[in-house]
Amino acid sequence: MTTLKNDIFIKALLKQPVSRTPVWMMRQAGRYLPEYRQLREQAGSFLNLCTNPELACEVTLQPLRRFDFDAAILFSDILTIPDAMGLGLYFTEHEGPKFARPLSTEQDIKNLLVPDPDEKLRYVMDAVSLIRKNLHGSVPLIGFSGSPWTLATYMIEGGSSKNFQKTKALMYEQPNLMHALLTKLADAVALYLNAQIKAGAQAVMIFDTWGGMLSTEDYLRFSLAYGEKIRSLLITEQDSQRIPSIWFTKGGGLWLESMANAGFDALGLDWQTDIHQARQRVGHQVALQGNLDPVALYASPEVITEKVTAILNNYGLGSGHVFNLGHGILPDINPDHVAALVNAVKNHQVS
């Protein structure tokens, strides 16, 4: 077991004392980096990057060579589980992910099998192991998955959607069938994340990207309930080390108290949630991660520093905060502006 040289991220998630606020960034490995774009061109496709452990490792490590982040996050995609279930994931230019065989009938859902991650998703586990080895204990590695609700939306719609008409129609008209699908997906996500932990992930995050599109009643029944189930199944200790877990619902600020009761160590906040109010509401229960507006990175380094400082001051003194964006970095951001963000966090003194 390699001792972490920098464990400030883990300590903050567990609300243990830290000397400063740790920082990493959602989608920190990716299209805003010229070295990523060069490797992506060489690989031929995004999926080739994801399914080749050596390339996935290289992409994961690229931002750590440029910026002093306090964590690495596995380079992969949230839709690997439905792909392993046989839906045929592919990507189209400027349109995002699509499925060749979306779920369209009751029988489609009944025929779905929960994939064995060590078999169907072996390339992910190989990437996790390789990344962990190449990090040499410098910073912790984050594993991740999409939430059952978010995975279900892509599987039913066949790709992204503006109003989730097919998904919500199934939820409203055949709630038992939707619950059957979400149960399978919760089992699959728990197995997948536990396999990542066994392969070397030192924290895990669940991205509930589309939970915020639901009403309160439906969010609690069809999204958060399955997050809570996954949390109950997760490995919480590996090699005598705690494995923290993070739940992030984009647009979920209304439900912070309910999310805090689901058992996760930390909650991700989008940029529409006031971090001071969030800390007052749930900060005694969980750590908070976030929450700079990703669009703020188009501003000058001076403005970025002001925005970062405001968030850090609003959170205030004490542990339990991991600085991040309120969603993933946009693809045409200047890397120098990312450096300004990281430097602002690292140099901050609470006023």
Side-chain angles (χ1 to χ4, degrees), residues 24-33 35-37 39-40 42-64 69 71-91 96-99 114-135 139-148 150-151 154-155 159-160 185 188-210 230 234 243 245-248 268 324-325 327-329 331:
W24 69 281
M25 198 172 64
M26 288 185 279
R27 292 185 188 154
Q28 66 188 24
R31 293 175 293 174
Y32 73 104
L33 292 176
E35 56 266 40
Y36 168 87
R37 295 194 293 270
L39 192 62
R40 160 69 175 77
Q42 292 172 4
S45 73
F46 174 78
L47 269 180
N48 286 348
L49 283 181
C50 291
T51 56
N52 182 306
E54 288 75 20
L55 295 180
C57 176
E58 170 60 20
V59 173
T60 301
L61 298 176
Q62 283 177 345
L64 300 177
F69 287 127
I73 183 165
L74 163 71
F75 178 78
S76 186
D77 192 78
I78 65 167
L79 298 179
T80 51
I81 287 175
D83 186 44
M85 287 177 154
L87 272 66
L89 177 65
Y90 67 99
F91 289 82
K98 290 186 178 296
F99 285 112
V114 173
D116 179 347
D118 288 320
E119 179 186 343
K120 297 288 188 179
L121 293 161
R122 183 73 252 167
Y123 64 90
V124 177
M125 306 316 141
D126 289 343
V128 170
S129 297
L130 190 59
I131 295 162
R132 177 73 185 273
K133 178 181 177 182
N134 280 272
L135 283 171
V139 294
L141 174 61
I142 306 166
F144 73 91
S145 173
S147 72
T150 293
L151 298 182
Y154 285 100
M155 295 165 76
S160 0
L185 288 171
V189 169
L191 284 172
Y192 183 51
L193 291 177
N194 282 340
Q196 290 184 41
I197 292 168
K198 292 173 186 175
Q202 292 150 295
V204 291
M205 182 165 175
I206 300 174
F207 289 89
D208 185 37
T209 309
W210 299 122
I230 292 165
L234 284 179
I243 307 294
S245 56
I246 309 165
W247 174 265
F248 172 57
N324 208 310
L325 301 179
H327 201 236
I329 186 172

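Nothing here was measured: the structure is a model prediction, and the numbers come from that model.
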Partners passing side chain to side chain contact (heavy atoms under 4.5 Å, CB included) against Phe91 (at least two apart in sequence or in another chain): Phe46, Leu47, Asp77, Leu89, Pro97
In short, Ala199 meets Met125 closest at the heavy-atom pair CB-O, 3.7 Å
Report yes or no: does Thr150 contribute a side-chain atom to a donor-acceptor pair with the main-chain N or O of Trp210 at less than 3.5 Å? yes
Quick check: are there more than 12 heavy atoms from other residues, nucleotides or ligands sitting under 6.0 Å from NZ of Lys98? yes
Partner residues of Lys133 under the side chain to side chain contact (heavy atoms under 4.5 Å, CB included) criterion, sequence neighbours left out: none
Less than 6.0 angstrom separating the ring centers of Phe207 and Phe144, yes or no? yes
For Gly143 and Gln196, work out which heavy atoms get closest and say how close. CA-OE1, 3.0 Å
Inspect the surroundings of CZ in Arg40 and state if more than 12 heavy atoms from other residues, nucleotides or ligands are less than 6.0 Å away. yes
Of the non-hydrogen atoms in Ala127 and Leu74, which two are nearest, and what is the gap between them? CB-CD1, 4.2 Å
If you take all heavy atoms of Ser145 and Ile78, which pair is closest and at what distance? C-CG2, 4.5 Å
How long is the straight-line distance from OG1 of Thr209 back to OH of Tyr154, given to the nearest 0.5 Å? 6.0 Å
Non-hydrogen atoms of Leu130 and Pro53 that approach each other most closely: CD2-O, 3.8 Å
Indicate yes or no: at least one non-hydrogen side-chain atom of Phe75 is less than 4.5 angstrom from one of Ile131. no
Only one of Ile206, Val189, Ile230, Leu185 forms a side-chain contact (heavy atoms from CB on, under 4.5 Å) with Ser147, so which one is it? Ile206
